[in-house]
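Here's the structure, in C-alpha cells; my notes come after.
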Amino acid sequence: MPLAADIDARALRADFPIFAPVGDREPLVYLDSAATSQKPTAVLDAMDRYYVETNANVHRGVYALAEEATARFEAGRDAVARLVEAPREGTIFTKNATEAINLVAWAWGVRNLRPRDVVLVTEMEHHSGIVPWQIVAEITGARVVFAPITGDGELDLDWIARTLREAPVRMVNVVHVSNALGTINPVAEIARMAHEHGALVLADGSQSVPHMPVRFADLEADFLAFTGHKMLGPTGIGVLVGRPAILADMEPFLGGGEMISDVRTDGCDWADLPWKFEAGTPPIAEAIGIGAAADYLRHIGLEAVRAHERALVAYALDALEDVDGLRVYGPPDPDRRGAPISFSMPDLHPHDIAQLVDRQRVCIRAGHHCAKPLMRTLGVNATARASGYIYNDSADVDALVRALHAARAYLGG
Amino acid sequence: MPLAADIDARALRADFPIFAPVGDREPLVYLDSAATSQKPTAVLDAMDRYYVETNANVHRGVYALAEEATARFEAGRDAVARLVEAPREGTIFTKNATEAINLVAWAWGVRNLRPRDVVLVTEMEHHSGIVPWQIVAEITGARVVFAPITGDGELDLDWIARTLREAPVRMVNVVHVSNALGTINPVAEIARMAHEHGALVLADGSQSVPHMPVRFADLEADFLAFTGHKMLGPTGIGVLVGRPAILADMEPFLGGGEMISDVRTDGCDWADLPWKFEAGTPPIAEAIGIGAAADYLRHIGLEAVRAHERALVAYALDALEDVDGLRVYGPPDPDRRGAPISFSMPDLHPHDIAQLVDRQRVCIRAGHHCAKPLMRTLGVNATARASGYIYNDSADVDALVRALHAARAYLGG
Amino acid sequence: MAGLDDLYQELILDHYRRPRHRGTLAHPAIIVDQHNPLCGDELHVTVCLDGDRITEIAHTGEGCSISQASASMMSDAIVGHTTGEALELIEHFRQVMHREVQADEDQLGDAVALEGVNKYPVRIKCALLSWMALKDGLLTRMVDQQESR
Amino acid sequence: MAGLDDLYQELILDHYRRPRHRGTLAHPAIIVDQHNPLCGDELHVTVCLDGDRITEIAHTGEGCSISQASASMMSDAIVGHTTGEALELIEHFRQVMHREVQADEDQLGDAVALEGVNKYPVRIKCALLSWMALKDGLLTRMVDQQESR
Ligand SMILES: Cc1ncc(COP(=O)(O)O)c(C=O)c1O
Ligand SMILES: Cc1ncc(COP(=O)(O)O)c(C=O)c1O
C-alpha cells in the first residue's frame, strides 16, 4: 500500500537490482538505510560507463579520454551542488562524511583553537562529530562540551543559548537529523545563536540530505557534511559544503597533487576552491556516482521523499505499539523526526532482535549506532534500529512487526 | 609482437573492456598508466557484485547481508596484504596514496616533529610526498630538505648519507619509482642509513607496487604508501602499510565511527589496528575492487609484469631515438627504471605533443607530473610522458613514434 | 529457520535462560571488566583461586543471549582447572571461534555448542567476551605476581 | 584529423610561428607575470600607456602553440584601446572560452579563431593565460592608483 501519493516504493524498487527476486528466496526487507542505502542501476551504470568508456585521470590530461573524464567528474560536483543549492566552489569531495568533519577540525581547528576555547557538540552527535574535535582539542588545549538532550530526545536550546553566552564557544557541531534518535534539529536557529556569539557552525547532514529538501543557505550553517553511500551513491565519497569566504581564508588540510598551484622547495601556492581541499587523485568514479544519485533524488523530488518517509514513520510508530513492551526512543511526533527509529524490547537484547528478524530477511541494525554518549544518556548499551527509505513501504513495516513477534516467541520471554 | 615470453599484452587486453573495438573507431593506444591504469572486468564485476548482491555497511550489522559485506571487505584487505606480504593489522585503507602519506605527516608528524627537526624528501618526489610535510613543517617549525639528483636522474646517496649524519633528520620520504623520471630508487639502502640515525622512512610505492614484486619487509621502510587506481583497481582507495609496532604507538589521525572502541564525553579509546586508522564508513566497494586487482596481478605474477615492462621500456628507449631531437629524461639503463618515460622535443611544447598524438588515439601525458621541484632541476616547465603497463606492447610504442613524427610534421619546425 | 538454529541451539538457550555461575564473588583473587565495542555490553567477572587452581568464577553484566550463555558455559568449563590449563582452554576456544581448529567436547563441555557461532563473525565477539575477560584477568595477575617478586 | 583542426587553425599556427608583439617593453606602465599551473608555463607581459590608452603591449615566455598564439592575437586586439575597453574585451574573450557567448569578430580580430579552443577544457587555460595576465595587470594598476590618491 503506497503511503503517500508521491512515491510508489514498490515501483521504485525495480530501479534497485538488489531487490530483484532470486528464485523462491524470501524478498529482502531492507530497513537499515541509515547505515547505508541501496543503489539504483542509474548510479552503478554511471560508474561502470566511466570505467569502460573514458577511464582516465582528471584535470591534467589533454587527450580526449581525460577531457571527458574531467567533464563527467566535475558534472558530478555540479549535480551535488545543485541538490543542496550550494556554490560549486564551496562543494568539496571527501571520502565520507567523517573526513568532511575532520577536514574542518584539522584544517580550521588545529590552527585556530586556543587553550580553553570550547567546541560545542551535542549528546546525540554521531562519533564522527565528536571524536575529531576530541583529537584536535587534545592537540590544541581546547575543550569539547556536550549539549544535553531532553527526555523526548530533543536538544535543550536554552542550555545551548546559555553556554554560548557564558563560554568561549568557537565551533558548534550539530547533527541535522540524528541517526540514533531520528530527531530533526533546528540547525538554523542554533546557527543564528552561535553566529551572534562569533562561533562557527558545522551541520552534519548525513541523515538529512538524502531524505528531505536541504538548502545550504537555509541551514544558515558555515559547513555542511554528508556522505555518498547513504544517499543512493557509492562508498568512498563524501561532501563538505562550506561558505566560500571561510574556505578561502582557511589553510588547506591534506597536501599533495591537485590542491596546489605551485610547489617550490621553499613552499607552495594553493589551487583555487574547491580543489585546494582535494589532495591527490579524487574519487572519480565515485563523484560520477554521487552525481547520478543526486540527479535521481532530484528527479523523484526531495519533498516527495520527505512526505513518503514521514508517512512511513507515522505508520511504523503506530504498528510497533503492537509489540509488547517495545519502547521507541526519540520524539513521538513524526513531524519532528526523520527516518530512523530506535527501539528496545524488554529481555531481548538488540543483537538477538536483529539476528532473529534476519530469519525473515528483515535487515535492521543493533548496537550503539556510533553514538555512545547518547546511549549512556538513554541508559542503555545498545538499541535496535529500523530505518526506511524511498524503496520501503508499509508492507516492510508489517514484515518487521511479524518478525519481532516471532523473535519474542522464539527466544521466550 | 610479445616482448617477453611472460605476458601476452594483446591477449590480456581482452580482460579490459575499454579496449574492446567499437565500430571502425581507431583502437585506443593508452600510454598513461602512470596517471591511472585501466580496469579489468574482474575488478568491475567484483564491485558490482557487492552492490547488487550484498550491499550493506560493514563491521556492525548482524544480519547476513552485512556479515557478507564485512567478509568481502576484509578479504580485500587480505588480498592487498598478500600482494606486498604485509601484516594485515598494518594494512590500512585510505582514499588514495596522498591520504596515506598525509596520515603519517599529520598523525605522526604534528605530534612528534620539533622546531628545526628535518624531514628529508627528494627532488624527484611527487607533490604528494612533499606538500604534506611542508604543511606539517609549518605547523611544527620543522624543516623540509630536498635530496638532490644526479645528471642521470638518480638520487645522490652520498649527499643523503652526509645529511643524515649532520642534520637532525627524523623522517625520510622517498619515492620507490619516480613517476616523472622512471628511476628505481634503492629504498632499502636508504632505509638502512636512515635507521642508523634514528630516522623513520616512508616509501612511496605508487609507481612500484603495480609494476614489480614489492615485499614490504625487503624495502626495510617503516611505511609504504600506494594507490588503487594505478594498480588496476578503482579510484577512491589507497593503502598505507606500516610496521604494526610503530602504528600501535601512534595516535590516530581521522576521528569518527569505526576507529574507536569507546567514546565518552571525557575522551575515547581507540580500536585495534588496522581499524584505529580507518575513520567512518570505509571505501567498501573499493576495497573489494582493489582486492580483486591484487589477486589479478598476483595471478599474472609480478615478476612477469616487471620483465614485460623492462622489455617494453628497452624497446621504447630504442624506438624513440628515431625521433629527431627527442630527449629522454632519467636513467638510460632499462634495468634501473620503471615504466614511465618522460621526454621533450625541441620547439614542440608538451601540450601540443600530447594533443596532436591524441589524433591517433595515442594517450600520453603532458605537464609537470606533480613534480615541480624536479622540473626546475631539469630546467623545463613540463615534459611529455609515455607510460606502459601489462596491456601495452611494442605496437603501441610504434604507434607513438608514428604519431610523434606526424605531430612534428603538422606543427612544423 | 535452518541456519540460525546453529546459533540458537537448545543448549545455548538453556544457559541463556538459566545462567550458571551468575553473580559476583565475595573475596575474589581476580576482578575484571570487559566490554564489547560493537554493542557496548559490559561484563564483570570475578574469580577465586586456591593456590593456582580456579575454585570459582562468577559473571554479571548485560549481554545478548550468546554472550550470556557463553559466560555461563565458560564458567562451567573452567572451574576446577589450574590457571595454566585455563589459558590453554581459552586459547582452544579462541581457535574454535576463528575456525582454526574443531571444538573438543572433552575440553569445552557445553561450550562446544557455541562452535556454530563461528559462522557469524559479528557474534564471535559476543561469544568470546567472557573468555577474553578471563584471559585478561589471568594475564594481569601473572604480570602483577612477576613484578611483586 | 577533423576535430583538432579547430584547435590548430592556419591563423593560430601563423601567430604561433610568427608571434606579433613578442618581447619586453623598455619603460612599461604595467609589468605582470602569470603562470599556468597545469604545465608550469610562465608568461611575462609589459604594457605602455598614454594616459588611459594602451599604446603598446609585449609578451615573452614559454608556452604551447595555443598560449603563444593567443598572446600574439590578444596584443593585436588590445593595442589602441583604453584600459576600460580592454577589460571589456578580456571579459568578452573569457565568456567565449567558457561558451557563455559567441565570439564577436569585430572586437576580437584574429583572436576569434581561438573560439574552437573552448571544446578543449584543459587548453582553455592556455588560451586565457595572456588575457588573464593583462587583466591582473590592469586591475592591480587601478587599485594602486586608488590607493595613491
Ligand atoms: C609517485 C607518486 N606518488 C603519489 C601519487 C599520488 O597518488 P594519488 O593521486 O592516487 O594519491 C602518484 C600519482 O599521482 C605518484 O605517481
Ligand atoms: C549522523 C551521521 N553522521 C556521520 C556519519 C558518518 O558517515 P560516514 O561513515 O559515511 O563518514 C553517519 C553515518 O554513519 C551518521 O549517521
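If you're wondering where the values come from, they're calculated on a predicted model, not measured in any experiment. Heavy-atom basis, side chains included; hydrogens, waters and symmetry copies ignored. Proteins come first, then strands; the chains are lettered A, B, ... in the order of their sequence lines, and each starts at number 1.
- Using a 4.5 Å cut-off between heavy atoms, Ile101(A) does not touch chain B at all.
- For the pair Glu99(A) and Leu254(B), the minimum side-chain heavy-atom distance is below 4.5 Å.
- The CZ atom of Arg361(A) lies 7.0 Å from the CG atom of Leu65(B); values are rounded to the nearest 0.5 Å.
- Residue Met375(A): no heavy atom, backbone or side chain, is found under 4.5 Å from chain B.
- Contact of the Pro17(A) side chain with the Tyr51(B) side chain is not registered, since no non-hydrogen atoms from C-beta on lie closer than 4.5 Å.
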* To do: Would you sort out whether Glu138(A) and Glu251(B) count as a side-chain contact (heavy atoms from CB on, under 4.5 Å), showing the intermediate values?
  => CA-CA 11 Å; Glu138(A) 229 224 88; Glu251(B) 292 290 303; 4.2 Å; yes
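- When the candidates Lys39(B), His127(B), His368(B) are compared by the number of heavy-atom contacts under 4.5 Å with chain A, His127(B) comes out ahead.
- Interface remark: Thr54(A) contributes backbone atoms only to the contact with chain B (heavy atom separation under 4.5 Å).
- Interface residue Gln134(A): only side-chain heavy atoms are found under 4.5 Å from chain B.
- At least one donor-acceptor pair under 3.5 Å links the side chain of Asn96(B) to the backbone N or O of Ala279(A).
- Neither the backbone nor the side chain of His369(A) has a heavy atom closer than 4.5 Å to any heavy atom of chain B.
- Side-chain N/O atoms of Asn55(B) and Tyr30(A) include no donor and acceptor closer than 3.5 Å.
- Contacts between Arg111(A) and chain B at a heavy-atom distance below 4.5 Å involve the side chain alone, from C-beta outward.
- Comment: Asp262(A) engages Arg376(B) in a salt bridge, judged by a side-chain N to carboxylate O separation of less than 4.0 angstrom.
- Side-chain contact between Arg365(B) and Asn57(A): present, with at least one pair of heavy atoms (C-beta onward) separated by less than 4.5 Å.
- Ranked by heavy-atom pairs under 4.5 Å with chain B, the first of Ala366(A), Ala64(A), Gly367(A), Gly238(A) is Ala64(A).
- Two residues are said to be in side-chain contact when any heavy atoms from C-beta on lie closer than 4.5 Å; Thr36(B) and Thr281(A) fail this criterion.
- Contact of the Val263(B) side chain with the Val131(A) side chain is registered, since non-hydrogen atoms from C-beta on lie closer than 4.5 Å.
- Heavy-atom pairs under 4.5 Å with chain B were tallied for Arg143(A), Arg264(A), Met259(A), Lys230(A); the largest tally goes to Arg264(A).
- Heavy-atom distances place the side chain of His126(B), and not its backbone, under 4.5 Å from chain A.
- Of all the listed residues (Thr265(A), Asp266(A), Ile284(A)), the one sharing the greatest number of non-hydrogen pairs under 4.5 Å with chain B is Thr265(A).
- Put simply, CD1 on Ile135(A) and CH2 on Trp106(B) are 12.5 Å apart, with the number rounded to the nearest 0.5 Å.
- In this structure the side chain of Arg60(A) reaches within 4.5 angstrom of the side chain of Cys370(B), judged on heavy atoms.
- Using a 4.5 Å cut-off between heavy atoms, Tyr50(B) touches chain A through its side chain atoms alone.
- With a threshold of 4.5 angstrom between heavy atoms, His229(A) approaches chain B through side-chain atoms but not through N, CA, C or O.
- Neither the backbone nor the side chain of Thr227(A) comes within less than 4.5 Å of any heavy atom in chain B.
- Between Gly257(A) and Ser128(B) the shortest heavy-atom distance is N-OG, 3.2 Å.
- Ionic pairing of Lys372(A) and Asp269(B) is not present here: no N-O contact between side-chain nitrogen and carboxylate oxygen is shorter than 4.0 angstrom.
- Heavy atoms of Glu123(A) lying under 4.5 Å from chain B are absent altogether.
- The choice from Cys363(A), Pro373(A), Ala137(A), Pro283(A) that makes the most heavy-atom pairs within less than 4.5 Å of chain B is Cys363(A).
- Residue with the most contacts toward chain B among Val52(A), Thr235(A), Thr98(A): Thr235(A) (heavy-atom pairs, distance under 4.5 Å).
- Heavy-atom distances place the side chain of Leu28(B), and not its backbone, under 4.5 Å from chain A.
- Interface remark: Ile130(A) contributes side-chain atoms only to the contact with chain B (heavy atom separation under 4.5 Å).
- Only the side chain of Phe146(A) comes within less than 4.5 Å of a heavy atom in chain B; its backbone stays farther off.
- A heavy-atom distance below 4.5 Å is not found between the side chains of Met47(B) and Met47(A).
- For a residue to count as touching a neighbouring chain, one of its non-hydrogen atoms must lie under 4.5 Å from one of that chain's; by this rule Ser37(B) touches chain A with the backbone only.
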